[in-house]
> 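One structure follows; several queries about it will come next.
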Amino acid sequence: MSATTAPTADSASAPVRRGAHPLRDSWTMLRRTLLQMVRYKSLTLMLIGQPLIFLFLFVHVFGATMGAGLPGGGGRADYLVFILPAIMIITVASIALNTAYMIALDMEKGIVDRFRTMAIAPSAVLTGRVFGAVILTVLAQVVVLAVAVLFGYRSDGSILAWLGVTGLVLLMTLALTWFTVALGLSAPNAETASNTPMPLLFLPFLSSGFVPADSLPTTIRWFAEYQPCTSVINTLRAWTSGATAGTDAWLAFGWCALITALCFLWSRRLYAKVRAH
Amino acid sequence: MTATTSTPPCEPAIQVAGLGKSFDHNTVLRSIDLTVPPGTVYALLGPNGAGKTTVVRILTTLITADTGTATVLGHDVGRDPGGVRRDIGVTGQFSAVDELLTGRENLRLMADLHHLPRERGGARAQELLERFDLVAAGDRGAQTYSGGMKRRLDLAMTLVGSPELIFLDEPTTGLDPRSRRELWNIVRELVDEGVTVFLTTQYLDEADELADRVGVLDDGGLVAEGTSTELKGRLPGGRIEVAYDDPGELAAAAGSIEEATAHEERLTLSVPHDGSLSSLRRLMGRLDDDAVTGLEVHTPDLDDVFLALTGHAARKAEPAPATPASPAPARGAHASTGNEAAR
């Protein structure tokens, strides 16, 4: 389609024409997102700091008791190893939540209408936000890990296992962020958009993230066993502690890939559909 | 008033035929036809809810029409939205600036999206900041801007890509009188440069000031179209407003002049007037010198036209718009009918 500017008749569904450069436009939009993060420092720092509060609370404050409750017993250091995957997911989720809010704010402010009347790749506005969220998430995860190491965290995982961890966290970030993009696009206003995805923050609590799944009450255990968070957490936990994850790994990657694909398509559809002001 | 003298050699900038749109069984537009020659200003005038924004949203490819065809700069809006988007600029009703970025960064963002080379983008941003009097505020966050500054930045962002045709949806709604006049001047400059402007407004004076042609939209249909002079010509004549300070004198005058209507609340007598000197002289002969405190000859304005065409006032249920500090030259003859006439 880029070789010649052949005047195709049915171009409504294929807006990639002379003017649109999806990569270049996404890059422009990504820079916009990053610039906003720099400008809105308090929010950015809050997003990075939030998982640290969880880390401090659960490891430093409750850690000794929680660790003693682990199968076979243990201490604060054991509990830190146990909950680190859940903290990583909370990090992803809280940044994704913010993405929903920012997207809804864009829609509310009319700037998206401006973008939509310009000859730019339609998905660029969304991908710019998503990649911005990915970059912020990576940054926040590095901070979380650094603080965990300060708290005495040591990993038995190999380099290869950590590469796998990185890959899974990135894919999960894409999955959760595209999901919140869709929520942000379908929210009637920014306030709703910041509230609707709230339950995402609780998903790690209703999984094997903070306590072993078999210690949960029956109904919650049933939910925990089948929800995506559990397989992701189990996989991350296995890999970071030098074990193998087995089917959990396939399930985790499968879930994340499926959610990413569905929510990407859903978001694109929502974006193309115009709200009547 | 400038461009209607000869038929333009090129195709119209906007050509709309039979345009219709409904939202959930609610008909918003019913068969709109209009043509905008290049280099002219077209104003779509109508009250809130008349369908003005829907027309703009269809023409700017934000939504699709249910019926009819629309061609913008030679591109069909339904079949070739990409072609339309390349050549137009849109300033919507809602502020479309990124408030977290500075004015300059907003302009640079637009330049990048128009794929201007880096240096040219920077130069274009500077040029527009200068032109829109935003240099001093250029490196400040846009959230600190006043309403008028945001509007100017909004319009500057629209112009980054040097569009041939710009859409302005209620460009001065909510602006103070000074900002409003500044924006009018900017629009006039653009037209001098050859840009075609399609604007919507609920203010009759704005259409009168700026537009070569005015389309009056009411309840989803165009009820009239023409130059503002043509539209005013559709009314038989104006009226003479005679002001009193004593209700008794007013009632007496109303009784003696049969075609007159008394407006007790503002102490004026309204007498239909065909515009001739003789009828004015005749009326003056019948007025009591001592009782009359003021007299105004009121030529029909778009307000009257709107009222006559639609049976209701254009500004119904709207808070009084900010009237320009200095009256517009074309309208200096009459004061806005209210309290002023009573003085």
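Labels below follow one simple rule: chain letters A, B, ... track the order of the sequence lines, proteins then strands, and each chain is numbered from 1.
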> Give a yes or no on whether A:Leu23 atom CG has more than 12 heavy-atom contacts from other residues, nucleotides or ligands under 6.0 Å away.
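No, because the 6.0 Å sphere around CG of A:Leu23 holds 12 heavy atoms or fewer from other groups.
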> Shortest non-hydrogen contact from B:Leu101 to A:Arg39?
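Smallest interatomic distance, heavy atoms only, reads CA-NH1, 4.1 Å.
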> In terms of heavy-atom proximity below 4.5 Å to chain A, should B:Thr54 be classed as side chain, backbone, both, or neither?
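Neither part.
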> Taking all atoms of both residues into account, what is the closest heavy-atom pair of B:Leu116 and A:Arg24, and its distance?
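Reported closest heavy-atom pair: O-NH2, 4.1 Å.
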> Is the count of non-hydrogen atoms from other residues, nucleotides or ligands lying under 6.0 Å from A:Phe131 atom CZ greater than 12?
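Incorrect, the count does not exceed 12.
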> Check whether more than 12 heavy atoms from other residues, nucleotides or ligands sit under 6.0 Å from atom OH of A:Tyr101, and answer yes or no.
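Count not over threshold, so no.
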> In Å, rounded to the nearest 0.5 Å, how long is the span from CG of B:Asp112 to CH2 of A:Trp27?
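If we round to the nearest 0.5 Å, B:Asp112:CG and A:Trp27:CH2 are 10.0 Å apart.
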> Please report the interatomic distance CG(B:Leu113) to CE(A:Met118), rounded to the nearest 0.5 Å.
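The CE atom of A:Met118 is 4.5 Å from CG of B:Leu113, to the nearest 0.5 Å.
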> Enter the distance from B:Arg108:CZ to A:Thr28:OG1 here, rounded to the nearest 0.5 Å.
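Output value for this atom pair is 11.0 Å.
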> First locate atom OG1 of A:Thr117, then atom CG of B:Leu59, and finally report the distance between them rounded to the nearest 0.5 Å.
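Rounded to the nearest 0.5 Å, the OG1-CG separation comes out at 12.0 Å.
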> With a 4.5 angstrom heavy-atom cut-off, could you sort out which part of A:Met37 is near chain B: side chain, backbone, both or neither?
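Neither part, no heavy atoms under 4.5 Å.
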> For residues A:Gly110 and B:Ala96, report the shortest heavy-atom separation together with the two atoms involved.
O-CB, 3.4 Å
> Closest heavy-atom contact between A:Arg116 and B:Thr61?
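The answer is O-OG1, 4.1 Å.
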> For A:Phe205, is the CZ atom crowded, meaning more than 12 foreign heavy atoms sit under 6.0 Å from it?
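Count over threshold, so yes.
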> To the nearest 0.5 Å, what is the distance between CD1 (A:Ile120) and CZ (B:Arg86)?
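The CD1 atom of A:Ile120 sits 14.0 Å away from the CZ atom of B:Arg86.
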> Would you say that A:Ile111 contacts B:Glu99 through its side chain, given a criterion of any heavy-atom pair below 4.5 Å between the two side chains?
no
> Where does B:Glu105 contact chain A at under 4.5 Å (heavy atoms): side chain, backbone, both or neither?
side chain
> Give, as side chain, backbone, both or neither, the part of B:Val97 having an atom under 4.5 angstrom from any heavy atom of chain A.
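The answer is the backbone of B:Val97.
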> Looking only at side chains, do B:Thr158 and A:Arg114 share a donor and an acceptor under 3.5 Å apart?
yes
> Quick check: closest heavy atoms across B:Arg85 and A:Ala119, and the distance to 0.1 Å?
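Answer, listing the atom of B:Arg85 first, then A:Ala119: CB-N, 3.7 Å.
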> Nearest 0.5 Å, what's the CZ-CG distance between A:Phe115 and B:Leu109?
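Taking CZ in A:Phe115 and CG in B:Leu109, the distance rounds to 5.0 Å.
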> For B:Asp76, which atoms come within 4.5 Å of any heavy atom of chain A: side chain, backbone, both, or neither?
neither
